[in-house]
Structure formats: C-alpha cells, structure tokens
**Q** 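Quick one: structure below, then a few questions.
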Amino acid sequence: MVRDITHFIGGSGIPGSPEANGGRWGEVFDPSTGAVQARVPLASAHEVRAAIADAEAAQPGWAATNPQKRARVLMRFLELLRDETDELAALLSSEHGKTVDDARGDIQRGVEVIEFCIGAPHLLKGEYSTGVGAGIDVYSMRQPLGVVAGITPFNFPAMIPLWQMGPAIAAGNAFILKPSERDPSVPVRIAELFLEAGLPAGILNVVHGDKEAVDVLLTDERVRAIGFVGSTPIAEYIYSTANAHGKRAQCFGGAKNHLVVMPDADLDQAADALIGAGYGSAGERCMAISVAVPVGDDTADALTAKLVERIEKLKVGPSDAPGVDYGPLVNAAAVDRVTGYIQQGIDAGADLVVDGRGFSVPGHEQGFYLGPTLFDRVTTDMSIYREEIFGPVLVVARAADYEEALRMASEHEFGNGVGIFTRDGDAARDFVARVNVGMVGVNVPIPVPIAYFTFGGWKRSGFGDLNQHGADAFRFYTKTKTVTSRWPAAGVREGASFVIPTMH
Ligand code: NAD
C-alpha cells in the first residue's frame, strides 16, 4: 500500500491536500524493488508561508529560554533517537537504498553533531574586555537570527538535516527544513522526536516540496539565513538568490574527490580504501572517492590489478539483505545518468576495465541497481573526469609524478575532499600544505572531519564563508552584538566632545 507522508508544521503532521497544495505530489520509491512505497506532498507557496508564520511566532519564546535548558532538549532528543535508531535506519535504508548499516552511520554522524551542540551554552559565550577606558567595558554577545531554513539532499537524509537543525535550534532560532523529496520520511520522524523531547511547537518544521517551496524560503524576508547542501548548479542558484534577498547563506555543492597513491604507499591499504570510499553507498556520497591518481605507471598497474580483485568480490543487493556491500541507486533516473556517463567514458577512449551496466539482482529485477564500474587511463579532458558522476564508478587517472598528481587535485573545479596514501612524511606534509581543497586525508579513505571541527569544500564545492558544524555553525546561526558600556565614577563629567572617540 502506498502511504501518504505529511509535512510537520507547528508541532503537527499536516497532510497534503488538493485545497492546500493544488494536488501536487512526488513519488517515494523503495529503490531495492523499484516499487513506489509512498507519496510526498509538494507544498504550495501558501503552505510554506504558513510554516514561516508559525516559526516566527514561536521563536522569541525559544530565544528567551536559557541556553542550558535548550541544550537539555537536545539531550532528551538524543535518548529518544538512540531508542529508535534501528527503526529509523531501516526506514532510511528503504527510501534511500543505502545498506541498513550505512544508514546507521548516517544517523550516527548526525548524532555526533547534536552531541557537540549540547555545548551551546559555552559556544554562545561572548567576549569581555574590562577597563578599556575610564569606567568603560566592552563585551559581545551572540544572538539568534530568528527564522532560518535548510534545504537538504537525498544522500544523507538524517545526517545533513541534523547538522543544520542542531546548531540552529541550540542557538535559539526556529528552523524550517525542506528535505529531499526522494527520501523525506526520516526528517519528519526526527521532528516528531524533537517535539517529544520538549522542543516547543513551531521551532522545528518540515515542509516538503520542490522549487516552488524553496523559492518562498529564498525570498520571504522573515527567513534570515539559508543552509543548502546538494548539487553545484542548485547551490549556486540558492546562494545568489538568498544573497540578493539579503539573507546569510552557506551552500555546499558537488564533488570529485581524488585519492593520490604514491609509489611508496601500502597498495593493499590504498586499494581497500578506494573500494570502500569509491563504491560504498553506491558512490552516492559527496565525500566518495571517485578518482584514483596513482603516481607512475608501475603503481597504476599494480593498484588497478588489486582493485579488480576486490571488485570481483563485491556484493551488490537489496539494502536490507545481510552481507551486502552496497545497494541500489536512489531512482531510475540516477541509473540512466550514471549509465550515460559510462558510455561517455567509452566514447572518449578511456579503458573500461570493469563494466557495471546491465546488472540485476534476481527477484529484484525492477530495482535500481548498477554494478561496480572501473575505468583506467582516464584523462583530465574527459567528462568522466571533470564531472561528478555520483554512482559506483571509479576512474583511474594516472599521474607521471607527484607534482602532476597535486596539480590535478588542485586544479579540478571541485574542491570538497582529497586524500594521499604514502609512507613519506615529507610528501604528506607538502601535500596537506599545498593542495587547493577544503578537506584533506592522509592514509584515510574519507576525510570527513569529526563534529567539533568544521566541514566544507572549496572552489565550486562550497559557496559562503562559514562551514558546517563545529564552531562555524554557531557563527553562522547567530549574529554578534557588541556593547560599549560606561559607568563613570560619581560626579565625574567630561562634557560634550565633537571628535570620534579613540583610545589615545
Ligand atoms: P539536488 O541539488 O538535486 O537537490 C538538493 C535539494 O535542492 C533538494 O532538497 C531538492 O529538492 C532541492 N532542489 C532541486 N532542484 C531545485 C531547484 N531547481 N530549485 C530549488 N531547489 C531545488 O541534489 P541531490 O541529488 O539531492 O543530492 C546530491 C548532490 O548533493 C551531489 O551533487 C552531492 O555531491 C551533493 N552533496 C554535497 C555535500 C557537501 O557537503 N558538499 C553533501 C551531500 C551531498
């Protein structure tokens, strides 16, 4: 039976209805079987404005709640989430297609940021300088922005909403989430759990939809900041539109993460890293490694042979089947897009070492599967090198020497993550210092920073000044007020002054 998903506005599940949304719905698949399992209402501008109004009405009371009490709501939320992790992981996996274990990781990465946000009372502290002049003290405070909104991608339906809502709410804002319409159920459940944990109604709202809903969030003057994560063309659109409407924005886009493999690297470790980071979650991760850059032909030949051995053992199947390494892609359009890229690689003259096309799982023939694909001898002018494929396709782009490998990663238009495998500390330090990419790994497959550091790519992977989570998140979701205060000693009067005050 196809179930109907609801919005979550003002503390209640709000069904989509022809009167409210003009009858526009999206389909939510079970990618493992290819069947439609739910429909999601696509909000009208009217419904989004109603959510903004609820959020605006609730926010001052929440901002006036002391930060420690706000943090306690996050603590209770974590307990509720922990009790329900298995059910949530199963639900997430059934809409996204990633394995249930990987779905648990998606939730856990979000949990770690909420744990960090419990420190909000400390993170929101301002600075204080006493006696900067006679009887004069200067101090600063961080105040919430008001109503803020987040627009999130399909590939991390728990983690990225939690990365945004955690600091936004802990800082005293009201938050409106427009999650991906492809896997929208987990964000709604998260909002219900927050309500159960004691968050006042209206502080966290989930509005489903597409461009129509997003455009209201971008243009309505009551929304003060926009966090976006998704593909680069949409990130650019969101960033420029939000800025044009006077909003703060941080927008994170696509990626093409390189892993440089030096001749002295432990090639088994490097191959294991590439297999996990290249094919995990069917390559549908912004931190997936999609380009291997072996340095020198000997390294490339040996590495490619090790990759092929491992690819032959990969198990692809339904997302809830035990022992599966990765599941289906999110929908049929994604399979078509990735298959199209494989054809482009062949046409451009790349060496197709393993072809994942035409892969199907017996009993699940309608599922959105694609086998692991490996290209060798890919050059920097090919579309399979330049563009994000976002599927289980790993390309090997050989570099003649270290400088060429460094240049490739640095000159690529995306700059999300990059890694190097080597046993040479000098090379690793040089790489870390010089590479023009936002997040760097040394002998690790996926350099996703832990919650108390910040996450963000460079170049066309990130638009805006502040990163996600860590201290930057609290800077993004607050504005600084600076106070200069004078309490002159009794009877002291200086009279009027007509020059600008200085510290002379
Ligand atoms: P997407 O850009 O298609 O969608 C992201 C969000 O934008 C969704 O909520 C969607 O409904 C909305 N949207 C789509 N088209 C829109 C439009 N024309 N106007 C307004 N809103 C629109 O991305 P996706 O396919 O859901 O996610 C995959 C992409 O996200 C990949 O490019 C991946 O690299 C990227 N991603 C980046 C990061 C990062 O931190 N840099 C993290 C995860 C995913």
**Q** Do T99 and D101 meet the criterion of a side-chain donor-acceptor pair at a distance under 3.5 Å?
**A** no
**Q** Look only at the side chain of R70 and the backbone of A63, and say whether a donor-acceptor pair between them is shorter than 3.5 Å.
**A** yes
**Q** If you count heavy atoms of other groups shown closer than 6.0 angstrom to CZ of R429, is the number above 12?
**A** no
**Q** Hey, what do you get for CZ (R142) to CG (L123), rounding to the nearest 0.5 Å?
**A** 9.0 Å
**Q** Taking NZ, NE, NH1 and NH2 as the nitrogens, is one of them in E404 or R407 under 4.0 Å from a carboxylate oxygen of the other?
**A** no
**Q** Could you list all the side chain to side chain donor-acceptor pair (under 3.5 Å) pairs where at least one residue sits in residues 340-349, not counting sequence neighbours?
**A** Y341-E387, Q343-D347, Q343-R357, Q344-S383
**Q** If you compare all heavy atoms of P157 against all heavy atoms of D106, which two are closest, and at what distance to 0.1 Å?
**A** CD-OD2, 3.3 Å
**Q** Heavy atoms only: give me the nearest M165-L177 pair and the separation to one decimal.
**A** CE-CD2, 4.1 Å
**Q** Any donor-acceptor pair under 3.5 Å linking the side chain of S461 with the backbone of G415?
**A** yes
**Q** Fit a plane to each ring of F390 and F154, take the angle between them on a 0 to 90° scale, and name the class: parallel (under 30°), tilted (30 to 60°) or perpendicular (over 60°).
**A** perpendicular
**Q** Please indicate whether Q108 has more than 12 foreign heavy atoms, meaning atoms of other residues, nucleotides or ligands, lying under 6.0 Å from its CD.
**A** yes
**Q** Quick check with a 6.0 Å cut-off and a 45 degree axis cone: is K98 positioned over the face of F156's six-membered ring?
**A** yes
**Q** Could you name each residue pair satisfying side chain to side chain donor-acceptor pair (under 3.5 Å) that touches residues 223-237, not counting sequence neighbours?
**A** K211-Y237, D215-Y237, E236-R460
**Q** Got a donor-acceptor contact below 3.5 angstrom from the N416 side chain to the C286 backbone?
**A** yes
**Q** Could you check whether the rings of Y326 and Y279 sit parallel, tilted or perpendicular, using 30° and 60° as the cut-offs?
**A** parallel
**Q** Do you know which two heavy atoms are closest between T478 and L145, and how far apart they sit?
**A** C-CD2, 3.7 Å
**Q** Nearest heavy-atom pair of N467 and F455: which atoms, and what distance?
**A** CB-O, 3.3 Å
**Q** If you draw a 6.0 Å radius around CG in D351, do more than 12 non-hydrogen atoms from other residues or ligands fall strictly inside?
**A** yes
